[in-house]
2 protein chains.
Amino acid sequence: MSGFTRYNKILNLFSEQRSSWTVLEISDELKTPSSTIYRIVRELVLAEFLESAAGAYFRLGPAFIKFNRIINLSDPLVRTGQPFLKKLANENPIESVNVLARLYGNKVMCVADYKTPFFKNNTSYQKGKLMPLIYGATSRAIIMKIVGKNLEDLLKQEIFYDDNDKDTFFKNLKNDNKKGYCKTEGQVDKGLIGFAVPINNKKLGIEASLSSIFNSIDFLPEHEPIIYANLTSYSLLIERYINQIFDDIQNYHQKSS
Amino acid sequence: MSGFTRYNKILNLFSEQRSSWTVLEISDELKTPSSTIYRIVRELVLAEFLESAAGAYFRLGPAFIKFNRIINLSDPLVRTGQPFLKKLANENPIESVNVLARLYGNKVMCVADYKTPFFKNNTSYQKGKLMPLIYGATSRAIIMKIVGKNLEDLLKQEIFYDDNDKDTFFKNLKNDNKKGYCKTEGQVDKGLIGFAVPINNKKLGIEASLSSIFNSIDFLPEHEPIIYANLTSYSLLIERYINQIFDDIQNYHQKSS
DNA sequence: CATATTTTCTTGTATTTTGAGAATTTTAGT
DNA sequence: ACTAAAATTCTCAAAATACAAGAAAATATG
């Protein structure tokens, strides 16, 4: 264990399910002497990446809140897309969850969301949550724009039920890519139906998607054209604004140099 | 530069004002050879603490969004206090921003906020933002519960205008502590008036405050009793719930061992 | 106040990091 | 597609530091 890994391994122990650890527990889990863990944890506490809680327990520290805020204020995707989510939600014909998601390693992560006030279900799509790569429209709208070796690398670790399953997946991917949007039902959460379109910006390295998720019960076939029209127009808007931001950044850097 | 410091120094360059850096810029800023920075940045990118953006620039990565979410779901203060902020806001007689803040090193950080829909001003109080230690009711409600050497250490780096200024500060602190709440006007943002009460839990190591901030124009003296009543009752509620969580954690750990 | 637990400290040794420059890859302009 | 510039990775020996084991100190607990 060397370099950043030694810090990252410890930080990654902290999860939704288990948000506090003692040094001894960490030491057990990572099979590393406790004197070493004490030293590393002390460093992380000093940098506010961890903080000590009651009874020798440690939990994630406020540095993450601070940096998260900076991302919200400056990340071009979040900054641009966030304000449009509410508008999109209001134009949808039924109650919805609306999500901006992007590629994160070989998972998909929601980076902004807006739920209409009376949406009944709890979706898995919440800001910061990692989602599976091969299920759900949100994810598929992202990967359908990736091709060749990049796609291969990305899917390398995914396990399909059988070859037939795999073929179907790739066929759907191709079809959706032709159509320009995705629709899936119940792949991530039972009782929910999702629609998604891709958002891309090659220069800024953005591989993302915009999606609206509904309760299957509320959904009627006649809603579909409106949903697609909304998603498509907002995704174009967001892409255009992101380009704008890119130009601004360029200008800024040119001026300052 | 050794240990976690070398990573932290780089991460801390990324700010609201300047959210993307090239390796060469970092190398200049930290007076460290670029080959070294390249290696460190590569590690941080691998761990998703940074990500590469357009034109050789790097920005903060999605790891912060992920960990921030875990904190939101598990931090006892955020988890407990968040839902009460909206209720508090609705019971206030005028439009308000309501804030949960806590000590973060020798600054104060807002960890949760709720603004009523028609509040006009933009407060400095946003989730994740670091606030000055000696200005504003929000901060004072926190430090007024800290005593002796701890207080000294905390204020060591603060610079007062003159001795008179310093005396006034400590006198106010003492007074507020007696009353159990703070009120300041225009110390952080012009045109805003803030009220705050402390929230503490020694066992969980929580030193925090709950505050309501209003536009001075909206505020009338007869609102004051209601504001204090609300703040006081909600702070007690939050403290009680946090205690509850503490017991739950205790039980959980006892069961699993 | 005594005991158990948590945390820091000490040490020689093993491992990792470092930085300068060369080598390679990527990018952007023609 | 070619070329020049820029960005990134690689190499290696010297320097720095992280490591583990246990002792010592500090802190919590009953």
* Asked: Does B:Arg42 have a side-chain nitrogen or oxygen under 4.0 Å from the phosphate oxygens OP1 or OP2 of D:dT9?
  -> yes
* **Range-with-range stems of DNA chain D (Watson-Crick or G-U pairs under 3.5 Å, three or more in a row)** => C:1-30 with D:1-30
* Asked: Looking at A:Glu48 and A:Lys66, does any basic side-chain N land under 4.0 Å from a carboxylate oxygen?
  -> no
* Structure fact -> When rounded to whole Å, the NZ to C1' distance for the pair A:Lys31 and D:dA20 reads 17 Å
* Can you check the B:Asp28 CG to C:dG19 P distance for me, whole Å? -> 14 Å
* Rounded to whole angstrom units, what separation is found between the CD atom of A:Glu43 and the P atom of C:dT8? -> 12 Å
* For B:Thr36, report the nucleic acid contact type (base, sugar-phosphate, nothing); a contact means any heavy atom under 4.0 Å. => base
* Asked: Taking the side chain of A:Ser35 as heavy atoms from C-beta outward, which of C:dT6, C:dG19, D:dA21 is closest to it?
  -> D:dA21
* Minimum-distance nucleotide (side-chain atoms of B:Tyr38 versus D:dT9, C:dT17, D:dA20) -> D:dT9
* To do: Go through the steps for B:Glu207 and B:Arg102 under the test salt bridge (charged side-chain N to carboxylate O under 4.0 Å, His left out), then give the verdict.
  => CA-CA 6 Å; B:Glu207 295 164 323; B:Arg102 49 170 288 189; over 6 Å; no
* To do: Run the numbers on B:Ile26 and B:Thr32 for side-chain contact (heavy atoms from CB on, under 4.5 Å), then give the verdict.
  => CA-CA 8 Å; B:Ile26 297 173; B:Thr32 305; over 6 Å; no
* For atom CZ of B:Arg6 and atom C1' of C:dT18, their distance in whole Å -> 10 Å
* Structure fact -> Taken to the nearest whole Å, CZ/B:Phe4 to P/C:dT17 is 14 Å
* To do: Check the pair B:Lys127, B:Asn68 against side chain to side chain donor-acceptor pair (under 3.5 Å), reporting the backbone distance first and the verdict last.
  => CA-CA 11 Å; B:Lys127 190 168 169 180; B:Asn68 178 70; 5.2 Å; no
* Salt-bridge contact B:Asp163-B:Lys166 (side-chain N to carboxylate O under 4.0 Å) -> no
* Asked: Is B:Thr32 touching bases, backbone alone, or none of the nucleic acid, heavy atoms closer than 4.0 Å?
  -> sugar-phosphate
* Would you indicate which nucleotide in D:dT17, D:dT9, C:dT17 comes nearest to any side-chain atom of B:Ser2? => D:dT17
* Before accepting this row, confirm whether a basic side-chain N of the pair A:Glu25/A:Arg18 lies closer than 4.0 Å to the acidic partner's carboxylate O. => yes
* Asked: Over how many whole Å does the gap from A:Tyr57 atom OH to C:dT5 atom C1' extend?
  -> 13 Å
* Asked: Base, sugar-phosphate alone, or nothing: which one does B:Arg39 contact when heavy atoms must sit under 4.0 Å apart?
  -> base
* From the options C:dT6, D:dA18, C:dA20, select the nucleotide whose nearest atom is closest to the side chain of A:Leu24. => C:dT6
* Asked: Atom OH of B:Tyr7 and atom C1' of D:dT17: how far apart are they, to the nearest Å?
  -> 12 Å
* Is the closest side-chain donor-acceptor distance between B:Ser34 and B:Ser27 under 3.5 Å? -> no
